[in-house]
Novice: 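Here you go, one structure.
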Amino acid sequence: MIIGVPTEVKEDEYRIAVTPAGARELTSAGHTVLVQKGAGDGSSMLDSEFIRTGATVVEDADELWAAADLICKVKEPLPEEYHRLGLRPEQTLFTYLHLAASRECTEALLAAGNTAIAYETVRMPDNTLPLLAPMSEVAGRMAPLMGAHHLMRPGGHPRRRCGGVRRCDHRRRDAFRGVHP
């Protein structure tokens, strides 16, 4: 099987669907892995690492999509990628799709006539979601960090603090900082 790993085009999306270790596993199993040039740069995974695993780095996204039996992405296709969905109708797309949020994406996938498998719908026999669970875990761990970030001065809340010293009267602390109640 020829597996294509394109660069994500969504703004601020730096992940890559297949790591160099994953590419090594796939090539060791006899598959061909095509990785778009620079696809892993945002995740600090260089083209040279993919080449060392036996993957082939491809310059052009259209060439990659046209050659691959299976496209592995992180995020749903965006309008600028819709034309690629039809380059190979027997192709399978494997990615997070979030189809309920995008009628346009759903219609583009249907028009292309290929098979699309959403990570978020893959279930184990016990009904667990093995591809969605790690993302939920990451989101759960990030929530307090993002909350703390937005409570800091750059977030517009100068009088709120996330941490502090027990038994410290905030009025004395504020007076020391020159803040008047």
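Residue numbers run from 1 in the order of the sequence given. Computed from a prediction, not measured in an experiment: that's the story for all the values here.
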Novice: From M1 CE over to H31 NE2, what is the distance, rounded to the nearest 0.5 angstrom?
Specialist: 6.5 Å
Novice: Can you list the residues that meet the side chain to side chain contact (heavy atoms under 4.5 Å, CB included) rule with E63, with sequence neighbours excluded?
Specialist: V58, D60
Novice: For residues L87 and L110: do they belong to one hydrophobic cluster (side chain heavy atoms under 4.5 Å, members Ile, Leu, Val, Met, Phe, Trp, Tyr)?
Specialist: no
Novice: Please list all pairs meeting salt bridge (charged side-chain N to carboxylate O under 4.0 Å, His left out) that have one or both residues in residues 117-146, counting only residues at least two apart or in different chains.
Specialist: E137-R141
Novice: Among all residues two or more places apart in sequence or in another chain, which pass the side chain to side chain donor-acceptor pair (under 3.5 Å) test with H98?
Specialist: K75
Novice: So which heavy atom on A68 is nearest to which on G4, and how close?
Specialist: CB-N, 3.5 Å
Novice: Hey, any chance I2 and V35 share a hydrophobic cluster, counting ILVMFWY side chains that come within less than 4.5 Å of each other, even indirectly?
Specialist: no
Novice: Can you list everything that forms a side chain to side chain donor-acceptor pair (under 3.5 Å) with N127? Sequence neighbours excluded, please.
Specialist: none
Novice: To the nearest 0.5 Å, how far apart are SG in C105 and CG in L85?
Specialist: 7.0 Å
Novice: Could you tell me the separation between the CG atom of D62 and the CZ atom of R84, rounded to the nearest 0.5 Å?
Specialist: 4.5 Å
Novice: Which atom names give the shortest non-hydrogen contact between C72 and P6, and what distance separates them?
Specialist: O-CD, 3.4 Å
Novice: Give me the atom names and distance for the closest heavy-atom approach of A39 to T7.
Specialist: CA-OG1, 3.3 Å
Novice: Is there side-chain contact between V9 and E81, with heavy atoms separated by less than 4.5 Å?
Specialist: yes
Novice: Just to verify, what does E76 make a side chain to side chain donor-acceptor pair (under 3.5 Å) with, not counting sequence neighbours?
Specialist: K10
Novice: Using the side chain to side chain donor-acceptor pair (under 3.5 Å) rule, collect all pairs that involve residues 15-30, keeping only residues at least two apart or in two chains.
Specialist: E13-R15
Novice: Run through T92, I71, L109 and flag the one making a side-chain contact (heavy atoms from CB on, under 4.5 Å) with N114.
Specialist: L109
Novice: Is the number of heavy atoms from other residues, nucleotides or ligands within 6.0 Å of CD (E80) greater than 12?
Specialist: yes
Novice: Listed by chain and number, what are the side chain to side chain contact (heavy atoms under 4.5 Å, CB included) partners of A67, not counting sequence neighbours?
Specialist: L34
Novice: Are Y14 and I16 connected in the hydrophobic side-chain network, where two residues link if heavy atoms are under 4.5 Å apart?
Specialist: no
Novice: Filter on salt bridge (charged side-chain N to carboxylate O under 4.0 Å, His left out), then keep only pairs touching residues 44-54, sequence neighbours left out; what's left?
Specialist: none
Novice: Do V138 and L132 share a hydrophobic cluster (ILVMFWY, side-chain heavy atoms under 4.5 Å, transitive)?
Specialist: no
Novice: Are V5 and L93 linked, directly or through other ILVMFWY residues, by side chains that come within less than 4.5 angstrom of each other?
Specialist: no
Novice: Do any pairs count as a ring-ring contact (aromatic ring centres under 6.0 Å, His included) and have a residue in residues 99-119, sequence neighbours left out, and if so which ones?
Specialist: F94-Y119, Y96-Y119
Novice: Please name all residues satisfying side chain to side chain contact (heavy atoms under 4.5 Å, CB included) with A23, sequence neighbours left out, ordered by chain then number.
Specialist: V18, V33, F50, T53, A55
Novice: Using 0.5 Å steps for rounding, measure from the CG atom of D41 to the CD atom of Q36.
Specialist: 10.5 Å
Novice: Can you name the residues that form a side chain to side chain donor-acceptor pair (under 3.5 Å) with D69, not counting sequence neighbours?
Specialist: R88
Novice: Working to the nearest 0.5 Å, report the span between CG of L26 and OG1 of T32.
Specialist: 10.5 Å
Novice: Residues two or more places apart in sequence or in another chain: which of them pass side chain to side chain contact (heavy atoms under 4.5 Å, CB included) with T121?
Specialist: A118
